Amino acid sequence: GTLDDMADCDLVVEAVIEEMEIKRAVFAALDSVVRPDAILATNTSYLDVNAIAAASSHPERVAGLHFFNPAHVMKLVEIVDGERTAPDTVATLLKLARTLGKIPVVAKVGEGFIGNRIFAAYRKQCEFLLEEGAFPQNVDEAMRGFGMAMGPFAVFDLAGLDVAWAMRKRLAPTRDPTARYVEIADLLCGEGRFGRKTGKGWYDYASGTARPDPHVEALIVEASAAKGIKRKLLDPAAIQARLLAAMINEAAWVLAEGVAARPGDIDLVLVNGYGFPKLKGGVLHWAAHEDRAEIVRAVKEMAEASGVGIEVAANLEQVLDAAAHL
């Protein structure tokens, strides 16, 4: 099939490789093919929807429609409302998503939108914990103990470490050189350990199941030593507090920046896209019903332990107040 086959479509969803110039070329080409009232959607998970829309002569009909992998199983869809997207474009996509039996959440444009942005903060904190004294299996056991469907390092291995690696390389020129950065994942990727698909990632899959790998543990211990970090044993409660604090704080930033409209939208995303325990109702709903002083303290401690680059969101308490009424 060619683009010309799409002349009568009401909606065209683009899912080509995550390269801005390639996506822009597709949108520019679609303009001359589809009807002027057809909606053009991009399935990008990170790229700037406004920049993609600008390649179209009708940016008002362009929006993000981010399905989560595997798309036929996952219920969540992020509808990304660009600065020039028309309200009826968003309304049509909401209706479509519900017709498909999906759970749609509207997000504004921002790196990683809602879900991947919070997940990136979670990932970063997981890596900080490795430098401070944990191994992947300690983190995974703690988070499964909290009720997550899978531990984070098992998730990274399943998704493929090369995806996040490509993103880190793309963002490297703009990264604050004073901000804390953990190189361990880059070292694994440099060895061709991309996770389950290559048989090795954070874990070794030679036996068919995830096994802790002494080579990875040695790399982790070396990384701590190279930075002069004295490793200390972290118990499951400490690991849970740190990782939940990272998610709560990033969620507050997402709300402060208007990328998400309300706390409930963030909880919908985390429960339906990231395996957050349904029984706990999402990270903000859960946090709003915990001891307030403890949550605020955990977020402050997480920010302090993280160093430069992670700050406590000023609206943290307001967000928890709002989430308490859900």
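Here the structure is a predicted model, which is why all the values come from computation and not from measurement.
Looking only at side-chain heavy atoms (C-beta outward), Val105 and Val77 stay at 4.5 Å or farther from each other. Looking at Leu270 and Ile266, their side chains come closer than 4.5 Å, going by heavy atoms from C-beta outward. Residues Leu243 and Cys126 have side chains in contact (heavy-atom distance under 4.5 Å, counting atoms from C-beta outward). Contact annotation: the side chain of Lys280 never approaches that of Glu290 to less than 4.5 Å [non-hydrogen atoms, C-beta and beyond]. Contact of the Asn116 side chain with the His66 side chain is registered, since non-hydrogen atoms from C-beta on lie closer than 4.5 Å. Counting only heavy atoms from C-beta outward, the side chains of Phe194 and Trp165 approach each other to under 4.5 Å. You'll find the side chain of Asp31 reaches within 4.5 Å of the side chain of Arg61, heavy atoms only. For the pair Thr209/Arg211, a side-chain contact is recorded, criterion being any heavy-atom separation below 4.5 Å from C-beta on.
Taking both residues in full, the closest heavy atoms of Ala252 and Ala313 are given as CB-CB, 3.6 Å, listed atom of the first, atom of the second, then distance.
Counting only N and O atoms by type, the side chains of Glu60 and Thr85 include no donor and acceptor under 3.5 Å apart. Side-chain atoms of Glu217 and Gln137 form a donor-acceptor pair, as typed in the model, at a separation below 3.5 Å. Ser224 and Arg231 form a side-chain donor-acceptor contact under 3.5 Å, judged by distance and modelled atom types alone.
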Set out, in order, the CA-CA distance, both residues' side-chain angles and the distance that settles side chain to side chain contact (heavy atoms under 4.5 Å, CB included) for Asn43 and Leu65, then state yes or no.
CA-CA 5 Å; Asn43 183 42; Leu65 191 63; 5.8 Å; no
List the steps and the verdict of side chain to side chain contact (heavy atoms under 4.5 Å, CB included) for Thr44 and Met20.
CA-CA 10 Å; Thr44 184; Met20 179 60 81; over 6 Å; no
Residue pair Asp140, Met150: steps toward the side chain to side chain contact (heavy atoms under 4.5 Å, CB included) verdict:
CA-CA 7 Å; Asp140 282 3; Met150 273 174 92; over 6 Å; no
Trace of the ring-ring contact (aromatic ring centres under 6.0 Å, His included) decision for Tyr274 with Phe68:
CA-CA 9 Å; Tyr274 296 88; Phe68 283 70; 5.6 Å; yes
For Arg292 and Glu317, what are the C-alpha separation, side-chain angles and deciding distance, and is it a side chain to side chain contact (heavy atoms under 4.5 Å, CB included)?
CA-CA 8 Å; Arg292 174 65 57 90; Glu317 298 244 22; 2.9 Å; yes
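Distance check: Asp235 CG to Asn138 CG gives 10.5 Å after rounding to the nearest 0.5 Å. Once rounded to the nearest 0.5 Å, the distance linking CG of Leu30 with CE of Met6 reads 6.5 Å. Atom CD of Glu14 and atom CG of Leu40 lie 10.0 Å apart (nearest 0.5 Å). Here the OG-CG distance, from Ser306 to Leu129, works out to 8.5 Å after rounding to the nearest 0.5 Å. To the nearest 0.5 Å, atoms CD (Glu250) and CG (Leu255) are separated by 11.0 Å. Remark: Leu320 CG to His285 NE2 distance equals 12.0 Å, nearest 0.5 Å.
Panel note: side chain Asn50, backbone Gly82; no donor-acceptor pair is recorded below 3.5 Å. Under the 3.5 Å distance criterion, the side-chain polar atoms of Trp253 are matched with a main-chain donor or acceptor of Glu311. The backbone N or O of Pro104 sits nowhere less than 3.5 Å from a side-chain atom of Glu78 that would complete a donor-acceptor pair. Proximity of a side-chain donor or acceptor of Asp204 to a complementary backbone N or O of Lys200 within less than 3.5 Å is not detected.
In this structure, Asp48 has no salt bridge (Lys or Arg N to Asp or Glu O under 4.0 Å) partners at least two apart in sequence or on a different chain. Applying the salt bridge (Lys or Arg N to Asp or Glu O under 4.0 Å) criterion to Asp81, with sequence neighbours excluded, gives Lys108. A search for side-chain hydrogen bond (donor to acceptor under 3.5 Å, both in side chains) contacts involving Asp88 returns nothing, not counting sequence neighbours. By the salt bridge (Lys or Arg N to Asp or Glu O under 4.0 Å) test, Glu257 is found to be paired with Arg117, residues two or more places apart in sequence or in another chain being considered. By the side-chain hydrogen bond (donor to acceptor under 3.5 Å, both in side chains) test, Glu191 pairs with His215, sequence neighbours left out. Scored by the side-chain hydrogen bond (donor to acceptor under 3.5 Å, both in side chains) test, Thr198 finds no partners at all (sequence neighbours excluded). Asn69 pairs by the side-chain hydrogen bond (donor to acceptor under 3.5 Å, both in side chains) definition with nothing, not counting sequence neighbours. Not a single salt bridge (Lys or Arg N to Asp or Glu O under 4.0 Å) links Arg84 to another residue, sequence neighbours left out.
In terms of hydrophobic clustering, with Ile, Leu, Val, Met, Phe, Trp and Tyr side chains grouped at heavy-atom distances under 4.5 Å, Phe146 and Val299 are assigned to a common cluster. Cluster membership for Met74 and Phe113, using ILVMFWY side-chain heavy atoms within less than 4.5 angstrom, is not shared. No chain of hydrophobic side-chain contacts below 4.5 Å, direct or via other Ile, Leu, Val, Met, Phe, Trp or Tyr residues, connects Ile103 to Val106. Cluster membership check: Val312 shares its hydrophobic cluster with Val283, using side-chain heavy-atom separations under 4.5 Å among Ile, Leu, Val, Met, Phe, Trp and Tyr. Tracing side-chain contacts under 4.5 Å through hydrophobic residues (I, L, V, M, F, W, Y), one reaches Ile184 starting from Val221; they form part of the same cluster.
Geometrically, Lys124 does not engage Tyr181 in a cation-pi contact, judged by NZ or CZ lying under 6.0 Å from the ring centre and within 45° of the ring axis.
For the side-chain hydrogen bond (donor to acceptor under 3.5 Å, both in side chains) condition, no pair includes a residue of residues 93-107, sequence neighbours left out. Applying the side-chain hydrogen bond (donor to acceptor under 3.5 Å, both in side chains) definition to pairs two or more places apart or across chains, none involves residues 293-302. Pairs passing the salt bridge (Lys or Arg N to Asp or Glu O under 4.0 Å) check and including a residue from residues 165-182, sequence neighbours excluded, read Glu111-Arg170, Glu131-Arg180, Glu132-Arg180, Arg168-Asp186.
The side-chain contact (heavy atoms from CB on, under 4.5 Å) with Leu234 is formed by just one residue from the set Leu130, Val139, Ile239; it is Ile239.
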Side-chain donor-acceptor pairs of residues 151-162 under 3.5 Å, sequence neighbours excluded:
{"from": "Asp157", "atom 1": "OD1", "to": "Trp202", "atom 2": "N", "distance (Å)": "2.9"}
{"from": "Asp157", "atom 1": "OD2", "to": "Trp202", "atom 2": "N", "distance (Å)": "3.1"}
{"from": "Asp157", "atom 1": "OD2", "to": "Tyr203", "atom 2": "N", "distance (Å)": "3.0"}
{"from": "Asp157", "atom 1": "OD2", "to": "Tyr205", "atom 2": "OH", "distance (Å)": "2.7"}
{"from": "Asp162", "atom 1": "OD1", "to": "Lys197", "atom 2": "NZ", "distance (Å)": "3.0"}
{"from": "Asp162", "atom 1": "OD2", "to": "Lys197", "atom 2": "NZ", "distance (Å)": "3.1"}

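By the 6.0 Å contact criterion, CZ on Arg35 is enclosed, its count of non-hydrogen atoms from other residues, nucleotides or ligands being greater than 12.
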